[in-house]
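Letters go in sequence order (proteins before strands), and every chain restarts at 1.
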Amino acid sequence: MQKYNFKKIEKKWQKKWDENKVFKVTQNNKKKKYYVLEMFPYPSGKLHMGHVRNYTLGDVLARFKRSKGFNVLHPMGWDSFGLPAENAARENNIHPKIWTVKNINTMKTQLKQMGLSYDWSREISTCDKNYYYHEQKIFLKFLKNDLVYKKSSYVNWDPTEKCVLANEQVIDGKGWRSGVPIERKLMSQWFLRITRYAEELEQSLKDLKFWPDQVKTMQKNWIGKSEGLKIKFHTDNKNLLVLRIIEIFTTRADTLFGASFIGLAPDHPISKELSKKEPKIKNFIETCQKNLVLKEEDFEKIEKIGFKTQLHAIHPITQEKLPVFIANFIIMDYGTGAIFGCPAQDQRDYEFAKKYDLQIKQVIKTPKNQNLNKAYTGDGTLINSKFLNGLNVKEAKKKISKYLIGQNMAKMKTIYRLKDWGISRQRYWGCPIPVMYLEDGTMIPVPEKDLPITLPEDINFSKASNPLIQHPKWKHTKCPKTGQVAIRETETFDTFFESSWYFIRFCSPHSSKIIDKKEANYWLPIDQYIGGIEHAILHLLYARFFTRALYDCGLINIQEPFCNLLTQGMVCHKTYKDKNGNWYNPNEGLKIPEIIVGKSEKMSKSKKNVIDPDSMLEKYGADTARLFMLSDSPPERNLEWADTGVNGAFKYLNKLWNLIISNIELLKQKKNSYSKNSDDKEILMAMNKTIHNVTHDYENFHFNRAVARIREFTNIIFEKENELKKKQNLFKKAIETTIKLLAPITPHIVEEIWFLIGNKSFIIQNSWPKAEDKFLKTTTVTIAVQINGKLKDTIDLPIDTSEKKIEKAALTLPSVTKTMKKKTPKKIIVVKNKVINIVI
RNA sequence: GCGGUCGUGGCGGAAUUGGUAGACGCGCAGCGUUGAGGGCGCUGUAGGAGUAAUCCUGUGGAAGUUCAAGUCUUCUCGACCGCACCA
C-alpha cells in the first residue's frame with residue numbers, strides 16, 4: 001500500500017497551485033470580495049511559532065472563504081526596516097540590507113513550505129525604495145495638511161556611544177552595550193498630530209462591532225479622555241513676571257474645599273521663573289530632569305518628591321493661602337501641568353501630604369468599613385465644603401462647576417492622555433524623512449519630483465552614532481529653489497509609520513500612485529485582520545489614525561481600516577538564562593548545568609526562548625503542523641508551547657490516508673446519487689450535523705472545535721468501515737465531505753486524496769458542503785433529571801414532550817422514587833428538552 | 001504602579017452562553033499483533049471509597065445570588081499581555 005508521503009505530496013501541490021496561479025486575484029465585480037490579512041512579519045531571521053500560528057489562522061480563513069465563493073485577497077509582505085538589522089550590522093559586520101534580504105528569502109521559503117495561499121504577486125517589502133518612496137509622498141501631504149510638526153522632546157542618550165537608545169536598549173538605567181548610565185537629552189523631533197483625532201478615535205470605537213471588547217477597552221483607556229475643570233488660582237507674589245495666576249486641571253472639582261497644596265511640573269513656566277532667582281529650586285528641577293524616566297512603567301514607580309516654594313496660591317473661594325510645591329510626578333504635557341492636591345480624597349496626594357506634613361482635610365464622608373489610613377476615593381456625602389455639604393460627588397461636581405464658571409474662575413476642559421506620535425528615529429535603517437535645512441535652520445521639504453530620497457548604501461557602522469550623520473556626502477545637498485547649501489534631515493521614520501498603511505498598499509502594490517483609488521475602493525476595508533494581542537494598542541491605533549489622516553488628505557474613502565479583528569494569544573515558552581545574564585534557547589539551555597530557568601514568556605528573539613518550526617515541518621510536514629497549531633488551543637488564548645501532541649496530528653492524517661488508500665478502488669468509482677434509506681440515516685445525520693457545526697465553528701474561529709468535530713465524524717467512519725464498504729455511494733460521500741471540511745486546514749493531503757478518488761479540478765475551487773435540514777432534526781432528546789439540583793438520572797423522550805409528561809416520566813423513575821422516599825416535591829422546575837429539577 | 005485578559009483531570013482544551021462538567025486529543029496503564037523495538041488495533045483513564053450496584057468530592061481560593069453556577073456578583077491569590085524608541 002502507498003504510504004503517506006507528505007514531502008512528495010506537499011511539494012507537488014504547492015507547485016501546481018503556483019503554476020495555475022490559483023491564489024492570484026484581481027478586481028471582479030461579479031464576486032463578493034473578502035480581504036483577509038495577517039500582520040506582516042519583521043524579517044528577524046526565521047519563522048517562529050507565533051508566525052506559524054498567525055499565518056495558519058489567516059490561511060484557513062482565506063481558504064474557507066474561497067470555497068464559500070468569495071473573491072479573496074490574501075497578501076503577504078515584510079516589515080523590513082528596524083533596529084535588529086542595525087544591531088546585526090554592528091555585531092556581525094553585515095550590511096543591514098544584506099542581512100534583511102537574506103532573512104526575507106529564508107522566511108519566504110518557509111512560508112511557501114507551509115502551503116499558505118498568498119497572492120505573492122502583491123508582495124511588498126517596506127525597506128524597498130518602491131515602497132518608501134510613497135511614504136515620503138505621504139509625509140509631504142501630511143506636512144501640507146498640518147498633520148506633522150517639530151517639537152522638543154526627551155530621548156535616552158548614551159554618552160559613550162553618542163547615540164539615542166531605544167527603551168529596549170536601556171537596562172536598569174544603563175546602556176545595554178556601553179553599560180554607562182543613560183542621560184536625558186532634549187532634541188527637536190518630528191511628531192504626527194494623532195491627538196487631533198483623539199475624540200474621533202475614541203468615539204468610533206463603539207462602531208467597531210466585530211472587534212474584541214478587550215482591545216476596544218484598552219484603546220479607550222489609552223486615549224484616556226477626561227472631562228474636568230480648569231480652575232484659576234491667584235498667587236500671593238506680585239513680582240512674578242510670567243504669570244500671576246496658576247491654572248490647574250482637575251476632574252474632582254468637588255474636592256476643592258479639601259485642597260491643601262498646589263503642585264507644579266518641574267518644567268512649568270512658573271517653576272522655571274522661580275528657579276532663576278532661587279538656586280535651590282534650580283537644583284531641584286535639574287535633579288528631576290536628570291532622574292526623569294521615559295518609560296511610563298518606571299515613572300509610576302519612582303519616589304515622589306517635591307520642593308516647597310515660598311509662593312502661595314489663594315483658594316478661589318475660601319481665600320486660604322495654599323503652599324505651592326514643585327513635584328516630579330506632575331507632567332507638563334498633561335492637563336495644565338499644575339494640580340491642586342486633596343490628600344483625603346486622592347491616594348497620591350495623601351502620600352505626598354504625609355511626607356511633607358500637609359493638612360489632610362476630609363471633604364467626603366468616609367464609609368464606616370473604610371480604612372482611615374489612606375485616601376477615600378469613592379462616592380459619598382460632601383462635608384466641610386460650605387454650600388456643597390450634603391450633596392454626593394456627582395451633584396457636588398455639577399454645583400461647584402456652575403458656581404466657578406459663573407464667577408469666571410474656571411472653564412470646562414476636556415483632556416486626553418494620548419500624546420502626539422513621535423516619529424523621528426536617529427537611525428540608519430529606516431525611511432529618510434524628506435526635508436532639508438538651510439544654514440539658518442529653515443526647513444525646506446524636498447519637492448515631490450525629487451523623491452525618493454534613498455538611503456546611501458556605502459555606510460560605516462564601525463563608529464557609534466547614526467551612519468547618516470557620519471556619511472561624507474549623503475547629507476549635503478542644495479535648496480531646490482535657491483541653490484543654497486543645505487543639509488538633509490538625518491532622521492528616519494519610526495517603523496510603525498510603514499505598518500500604518502501597508503494594508504492599503506496591498507490593494508495596488510505596483511501602482512505609481514500612492515494608492516490606486518479604484519483598487520482601494522474595491523478591496524478596502526479589510527474584512528478580517530489577524531495578529532497578536534501585543535499590538536492591541538500602538539499598531540492598531542496608529543493604523544486607525546493613519547487611515548483617517550489619509551482620508552482627510554483625499555487619498556482613500558474609508559476611515560476605519562479593519563472591520564473584524566482577531567487578536568491571537570501569544571505562543572509562550574520558559575526562558576533560560578545563565579548567571580551572567582546571557583539568554584539561551586531551550587535546546588542549549590537545558591544542557592547548561594547552572595542554568596536559571598525563568599518564567600514562561602512570549603517567545604521572542606531577544607530572550608531566545610523560541611522553538612524553531614523547521615524541525616516540525618521537516619519531520620511531519622506542513623499539513624500536520626497546521627493541523628496541530630489549530631487543534632489544541634482556541635486562537636485568542638495564549639499557548640504554552642509543548643512538543644507533545646504534534647505526533648497525534650500526524651497519526652490522524654496517516655490513519656485517514658490509510659483508510660482511503662486501502663479502499664481506493666471502491667472510492668475511485670463514480671458515485672451514483674447515494675441511497676437515503678433508513679439504514680443510512682445514522683451516518684447521514686452525523687455527517688450533516690458535522691457539516692453544520694464545523695461551518696459554524698470556522699465562521700467563529702473555533703478552529704479547535706472544528707477539528708474535534710471532524711475527528712468525531714471520522715471516528716464514526718473508521719468504526720463503520722466494514723458496513724460502509726458495502727455502500728459505495730455513502731462511503732464516497734462521507735469521505736468527500738470529510739476532506740472538504742478538512743481542506744482549509746490540511747490543504748495538500750486533501751488535494752491529493754481528492755484527485756485520487758477521481759476528481760479533476762482543485763478541491764479549493766470546489767464549493768463548501770451544505771448541510772441538509774432534514775438530517776439535522778433529531779426526534780428524541782435526553783433530559784437530565786435532577787433532585788435538588790443534583791443529577792440523578794437521564795430520560796430519553798420525544799422532542800418537545802410537554803412539561804407534564806416530562807414530570808410524569810421523571811417521577812416514576814426508580815432512581816428518583818428511591819431518593820425521594822415517598823416525600824412530596826416542594827417544587828418542580830421543567831425546562832423543555834433540557835432538564836427537570838425536583839426540589840424536595 | 002496603571003490598563004487589559006486568563007485560571008477546568010497528569011497535559012492541551014470542550015461545555016449549545018445559567019441547565020447532564022471533562023467532548024476531541026496528548027500522555028499513561030492493560031491486552032492483542034510482532035523474534036524484539038517501533039508501528040498498528042482494542043479496552044480503561046477527574047479524584048476518593050467499595051467485589052459491585054452505588055455513594056461522596058470536584059472547574060485557583062473565600063463568600064453571595066439562584067430550583068440550578070465552570071458560567072452571574074463581591075473579595076482574594078496566581079499567571080500572561082501592553083505602557084508610547086522592540087516589532
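Nucleotides B:rG3 and B:rG9, compared at atom P, are 30 Å apart to the nearest Å. Comparing the P positions of B:rG27 and B:rG12 gives an interatomic distance of 15 Å, to the nearest angstrom.
Applying the salt bridge (charged side-chain N to carboxylate O under 4.0 Å, His left out) criterion to A:Lys792, with sequence neighbours excluded, gives no partner residue. In terms of the side chain to side chain contact (heavy atoms under 4.5 Å, CB included) criterion, residue partners of A:Ala88 (sequence neighbours excluded) are, by chain and number, A:Asn92, A:Ile94, A:Trp99. Listed by chain and residue number, A:Lys725 satisfy the salt bridge (charged side-chain N to carboxylate O under 4.0 Å, His left out) test with A:Glu721 (two or more places apart in sequence, or in another chain). Listed by chain and residue number, nothing satisfies the side chain to side chain contact (heavy atoms under 4.5 Å, CB included) test with A:Lys174 (two or more places apart in sequence, or in another chain). Under the salt bridge (charged side-chain N to carboxylate O under 4.0 Å, His left out) criterion, A:Glu636 pairs with no residue, sequence neighbours left out. The salt bridge (charged side-chain N to carboxylate O under 4.0 Å, His left out) test applied to A:Glu803 returns no partner, not counting sequence neighbours.
Within 4.0 Å (heavy atoms only), A:Ser424 reaches at least one base atom of the nucleic acid. Among the heavy atoms of the strands lying under 4.0 Å from A:Pro634 are primed sugar atoms or P, OP1, OP2 only; no base atom is included. At the heavy-atom level, A:Thr794 lies under 4.0 Å from base atoms of the strands shown. Within 4.0 Å of A:Val164, counting heavy atoms only, lies at least one base atom of the nucleic acid. No contact: A:Val646 has no heavy atom under 4.0 Å from any strand. Among the heavy atoms of the strands lying under 4.0 Å from A:His535 is at least one base atom, whether or not backbone atoms are also near.
The base of B:rC85 has none of its N or O atoms less than 3.5 Å from a complementary donor or acceptor on the side chain of A:Gln169. Looking at A:Gln189, its side chain comes within 3.5 Å of the base of B:rC85 through a donor and an acceptor atom.
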- Item | Contact letters for nucleotides 22-29 of chain B, in which S counts primed atoms plus P, OP1 and OP2 and B counts the base, heavy atoms under 4.0 Å | -BSSS---
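Among the nucleotides B:rC85, B:rA87, B:rU20, the one closest to the side chain of A:Gln426 is B:rC85. Closest to the side chain of A:Met218, out of B:rG4, B:rA87, B:rG13, is B:rG4. The side chain of A:Asn156 has B:rC85 as its nearest neighbour among B:rG41, B:rA87, B:rC85. The nucleotide whose nearest atom lies closest to any side-chain atom of A:Lys419 is, among B:rG19, B:rA21, B:rA84, B:rA84. You'll find that the side chain of A:Lys834 is closest to B:rG19, out of B:rC86, B:rA87, B:rG19.
We find that CG of A:Leu656 is positioned 14 Å from P of B:rC40, with the value rounded to whole Å.
A salt bridge links A:Asp697 with A:Arg709: the distance from a Lys NZ or Arg NE/NH1/NH2 to an Asp or Glu carboxylate oxygen falls below 4.0 Å.
Residue A:Val839 comes nearest to A:Ile829 through the heavy atom pair CG2-CD1, 4.3 Å, listed as atom of the first residue, atom of the second, then distance.
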Show each protein N/O and nucleotides 65-68 of chain B N/O combination with a separation under 3.5 Å, one pair to a line.
| residue | atom | partner | partner atom | Å |
| --- | --- | --- | --- | --- |
| B:rC67 | O2' | A:Asn837 | ND2 | 3.0 |
| B:rC67 | O2 | A:Asn837 | ND2 | 2.7 |

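Taking the centre and axis of the six-membered ring of A:Trp222, the NZ or CZ atom of A:Arg417 falls inside the cone set by 45° and 6.0 Å. By the 6.0 Å and 45° rule, A:Arg348 does not stack over the aromatic ring of A:Phe329.
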Cut-off 3.5 Å, no hydrogens considered: what does the side-chain donor-acceptor table look like for residues 647-659 of chain A, sequence neighbours left out?
| residue | atom | partner | partner atom | Å |
| --- | --- | --- | --- | --- |
| A:Tyr652 | OH | A:Thr714 | OG1 | 3.0 |
| A:Asn654 | ND2 | A:Phe650 | O | 2.9 |
| A:Trp657 | NE1 | A:Gln2 | O | 3.1 |
| A:Asn658 | ND2 | A:Asn654 | O | 3.2 |

Considering only distance and modelled atom types, tabulate donor-acceptor pairs under 3.5 Å from the side chains of residues 185-192 of chain A, sequence neighbours left out.
| residue | atom | partner | partner atom | Å |
| --- | --- | --- | --- | --- |
| A:Gln189 | NE2 | A:Ser153 | O | 3.2 |
| A:Trp190 | NE1 | A:Glu489 | OE1 | 2.7 |

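For residues 294-305 of chain A, proximity to RNA chain B is found at A:Leu294, A:Lys295, A:Glu296, A:Glu297, A:Glu300, A:Lys301, defined as any non-hydrogen atom under 4.0 angstrom from a strand atom.
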- 5'-to-3' dot-bracket of RNA chain B (Watson-Crick, G-U; under 3.5 angstrom; crossing pairs as [ ]; | other strand): (((((((..(((......[....)))(((((((.....)))))))((((....))))..(((((..]....))))))))))))....
